[in-house]
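The next block holds one structure in the form of structure tokens; read it before the comments.
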Amino acid sequence: MYSLLPFEQALGAHPGGIRVWAPKAERVAVRLRSGDHPLDHEGLGVWSGAPPWQAGDDYWVLLDGRRFPDPCTRFQPKGLRGPSRIVDPAAFAWTDKSWKGVAPRDLVLLEIHIGTFTAEGTFDAVIGHLERLRDIGITGIELMPIAAFPGRRGWGYDAVYPWSAHEAYGGPEGLQRLVDAAHAAGIAVILDIIPNHVGASGERALRAFGPFFTDRYSTGWGEAINYDGADSGAVREWMIQACEMWVRDLHVDGLRLDAVHAVFDAGVKHVLAELAERVHAINRRAFVIAESGLNDPKVIRSLTKSGWGHDAQWADDFHHAVRTLVSDEREGYYADFGSVAELAKAFNRPFVFDGNYSSFRRQRYGAPALDRPPEQFVVFDQNHDQVGNRAFGDRLEPRALRLAQFCVLLSPFTPMLFMGEEYGERAPFQFFSDHIDKRIATATRDGRRREFAAFAAFAGEEVPDPQDPATFERSKLTRRGARGHEQLVRDLLRARRELRGEARVVAYDEAERWLRVARSDHELLMNFGRARTIPTHAREVVLTTGTASVQDAGVRLGAMTGALVR
């Protein structure tokens with residue numbers, strides 16, 4: 001058995017001491033109000049000591065006299081460029097000792113952006129909505145990134161410090177209160193983690209400590225993180241220990257890993273496989289969910305089967321198959337979709353592309369996943385990307401949304417809704433930011449306008465300015481939805497709990513645009529065209545998203561309608 005290297009021991013600060021990885025520095029110290037306190041070199045670039053501090057004290061890390069936030073900071077009370085603050089997780093007042101988590105087959109997720117979910121935009125403000133979510137049938141909330149990012153408002157995917165809960169949301173203490181209250185309400189909490197890059201506003205500060213980045217690879221969002229080059233061991237620990245911390249100290253029930261296809265590691269054990277293994281060692285029930293653009297089941301296969309050992313992964317193909325049937329969208333990656341046959345295939349396993357040719361990618365794409373159970377796939381009809389990355393952040397129109405939710409919520413896969421769609425929210429969710437660097441703010445604004453120039457000209461509107469506070473304010477939930485929509489979602493989730501086992505496609509008609517899928521002793525009838533009768537022997541309509549009536553030849557469905565029958 002190998003002994004732990006210095007950077008493999010606990011990194012970061014706590015009331016008893018600090019350990020910092022800074023291989024570039026000749027001298028490292030901690031600056032407090034009481035003065036500067038030198039740290040000792042342990043070897044391999046790690047410095048440690050026990051400064052005379054206590055929880056709540058602010059501090060800087062000094063590298064050869066230059067001050068920086070701690071790369072493992074747990075709290076940045078004055079933003080990215082301010083001091084770090086000591087947090088004592090042992091002081092958190094937990095009441096969730098009896099919490100046993102949510103079983104995979106019972107998980108129903110709601111993706112939430114903390115800043116726009118409530119008027120206050122804080123962790124604490126979410127607490128008052130938990131009972132309503134539970135009563136609707138939501139069993140887990142997935143929080144868009146809450147790690148410290150530039151400014152006070154933003155999506156969070158430009159986060160810099162993966163150990164630190166964003167100050168504007170309420171910091172680590174606010175998150176602790178939310179998690180504790182969620183568990184009391186029977187709801188799991190999953191955090192969105194970004195292992196593939198950090199926000200450009202923090203690259204310079206991290207680079208001062210050591211080789212956090214590599215030019216061997218590139219991402220579309222920032223410099224690639226160094227997980228397999230020289231001195232990568234400490235960088236791996238920086239990210240993995242952050243994930244361990246959220247599960248161990250903040251009691252979160254799982255992690256959603258952003259864009260794992262942009263995490264590059266040619267080593268013997270992929271960093272994301274090691275991450276999952278170590279998170280599960282802390283809490284075997286914790287979910288590790290990947291957002292993967294690979295359509296590769298290795299992500300959710302066990303380590304013993306040469307996989308990464310993740311519990312689930314997002315399945316974009318299911319969304320695309322549904323979206324193109326309930327709308328007329330065919331641009332970009334939607335060009336590969338639009339047939340009923342593709343959704344029929346997706347109801348079996350949601351990788352529509354499992355080795356077949358993609359005209360959008362101009363290559364074969366994906367691999368079969370028939371050996372994986374349905375609950376390992378997270379499906380959705382909307383999410384932050386599919387709403388917010390549209391020019392105006394518009395949501396699905398009500399009739400299309402009801403049919404799309406029917407497909408998602410009654411599928412055998414793990415369903416996820418986007419905040420507000422549980423009651424039919426009509427406010428948009430637009431792309432907004434609060435960059436503290438003028439150059440980055442200008443580049444973000446100009447890039448957004450260039451991306452949607454043709455679309456905006458056609459629509460006769462100007463693409464919203466991400467830096468304008470009004471764009472953020474427009475994206476806040478109004479709590480006003482379509483009449484009867486929340487009750488429909490309640491009914492769908494109640495029905496879902498009675499449907500067990502996999503889905504079996506009974507029949508479909510490409511020309512008539514309908515699909516029949518069997519689950520348990522029920523059938524899902526989906527009509528993606530004008531009103532028509534779908535042939536079936538069913539004699540009872542259990543629920544419907546529109547109009548449905550039993551006739552001698554089958555069940556008559558209104559246009560763009562789904563019905564659960566038996």
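Owing to the predicted nature of the structure, the values given are computational and were not obtained by experimental measurement. All residue numbers refer to positions in the sequence shown, counting from 1.
- Residues satisfying the salt bridge (charged side-chain N to carboxylate O under 4.0 Å, His left out) test with Arg177, not counting sequence neighbours, are Asp124.
- A donor-acceptor pair is defined here as one N or O able to donate and one able to accept, closer than 3.5 Å; such a pair exists between the side chain of Lys24 and the backbone of Arg207.
- The side-chain contact (heavy atoms from CB on, under 4.5 Å) test applied to Ala182 returns Leu130, Ile187, Val189, not counting sequence neighbours.
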Exercise for the section: Give the C-alpha distance, both sets of side-chain angles, the deciding distance and a yes or no for side chain to side chain donor-acceptor pair (under 3.5 Å) between Tyr157 and Asp258. Expected result: CA-CA 9 Å; Tyr157 292 99; Asp258 181 63; 4.8 Å; no
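- Between Glu274 and Arg236, at least one side-chain nitrogen of the basic residue sits less than 4.0 Å from a carboxylate oxygen of the acidic one, meeting the salt-bridge criterion.
- Pairs passing the ring-ring contact (aromatic ring centres under 6.0 Å, His included) check and including a residue from residues 7-28, sequence neighbours excluded, read Trp21-Phe212.
- Taking every heavy atom of both residues into account, Asn226 and Pro211 meet most closely at ND2-O, 3.1 Å.
- Checking Asp296 against Tyr365 by side-chain atom types alone, no donor-acceptor pair falls below 3.5 Å.
- In this structure His280 satisfies the ring pair (Phe, Tyr, Trp, His ring centres under 6.0 Å) test with no other residue, sequence neighbours excluded.
- Aromatic pair His166/Phe149: ring centres closer than 6.0 Å.
- For Phe68, the ring pair (Phe, Tyr, Trp, His ring centres under 6.0 Å) partners two or more places apart in sequence, or in a different chain, are Phe209.
- Counting heavy atoms from C-beta outward, Asp381 and Phe418 have side chains that stay 4.5 Å or more apart.
- Aromatic rings of Tyr333 and His320 (six-membered ring for Trp) have centroids within the 6.0 Å cut-off, being under it.
- No side-chain heavy atom of Asp70 sits under 4.5 Å from any side-chain heavy atom of Trp163.
- A donor-acceptor pair under 3.5 Å links the side-chain atoms of Thr471 to the main chain of Asp465, judged by distance alone.
- Within the 4.5 Å cutoff, side-chain heavy atoms of Phe432 are placed close to those of Ser475.
- Looking at every heavy atom in both residues, Pro69 comes nearest to Gly82 through CG-O, 3.5 Å.
- Under the salt bridge (charged side-chain N to carboxylate O under 4.0 Å, His left out) criterion, Arg152 pairs with Glu167, not counting sequence neighbours.
- Under the rule for a side-chain contact (heavy atoms from CB on, under 4.5 Å), the partners of Ala259 that lie at least two apart in sequence or sit in another chain are Asn196, Trp221, His261, Glu291.
- Between the side chains of Gln386 and Gln382, no donor-acceptor pair is found at a separation under 3.5 Å.
- Of the N and O atoms on the side chains of Asp317 and Asn295, at least one donor lies less than 3.5 Å from an acceptor on the other residue.
- Taking the six-membered ring for Trp, Phe318 and Phe377 have ring centres at least 6.0 Å apart.
- In this structure, the side chains of His129 and Phe117 come closer than 4.5 Å at one or more pairs of heavy atoms.
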Exercise for the section: Give the C-alpha distance, both sets of side-chain angles, the deciding distance and a yes or no for salt bridge (charged side-chain N to carboxylate O under 4.0 Å, His left out) between Arg74 and Asp249. Expected result: CA-CA 11 Å; Arg74 290 179 182 240; Asp249 297 344; 3.0 Å; yes
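- Scored by the ring pair (Phe, Tyr, Trp, His ring centres under 6.0 Å) test, Trp246 finds no partners at all (sequence neighbours excluded).
- For Asp180 and His251, the side-chain atoms include no donor-acceptor pair closer than 3.5 Å.
- Remark: His41 pairs with Trp47 by the ring pair (Phe, Tyr, Trp, His ring centres under 6.0 Å) rule, at least two apart or across chains.
- Every salt bridge (charged side-chain N to carboxylate O under 4.0 Å, His left out) that Glu277 has, sequence neighbours left out, goes to Lys269.
- Looking at Asp36, its side chain never comes within 3.5 Å of a backbone N or O of Arg31 through a donor-acceptor pair.
- Partners of Gln467 according to the side chain to side chain donor-acceptor pair (under 3.5 Å) rule, which considers only residues two or more places apart in sequence or in another chain, are Ser433.
- Contact of the His37 side chain with the Pro52 side chain is registered, since non-hydrogen atoms from C-beta on lie closer than 4.5 Å.
- Residues Gln313 and Val260 form no side-chain contact, since every pair of their non-hydrogen atoms from C-beta on lies 4.5 Å or further apart.
- Summarising the geometry of Ser48 relative to Glu42, their closest heavy-atom pair is OG-OE2, 2.5 Å, with the distance given to 0.1 Å.
- When each of Ile225, Val263, Leu255, Ile240 is checked for a side chain to side chain contact (heavy atoms under 4.5 Å, CB included) with Pro195, only Val263 meets the rule.
- At a threshold of 4.5 Å between non-hydrogen side-chain atoms, the residues Trp308 and Val288 do not count as touching.
- Between Glu203 and Gly222, the shortest heavy-atom distance links the atoms OE2-CA, 3.9 Å.
- For the pair Val20/Leu39, a side-chain contact is recorded, criterion being any heavy-atom separation below 4.5 Å from C-beta on.
- Geometrically, Arg349 does not engage Phe351 in a cation-pi contact, judged by NZ or CZ lying under 6.0 Å from the ring centre and within 45° of the ring axis.
- In this structure, the side chain to side chain donor-acceptor pair (under 3.5 Å) partners of His113, at least two apart in sequence or on a different chain, are Thr116, Tyr169.
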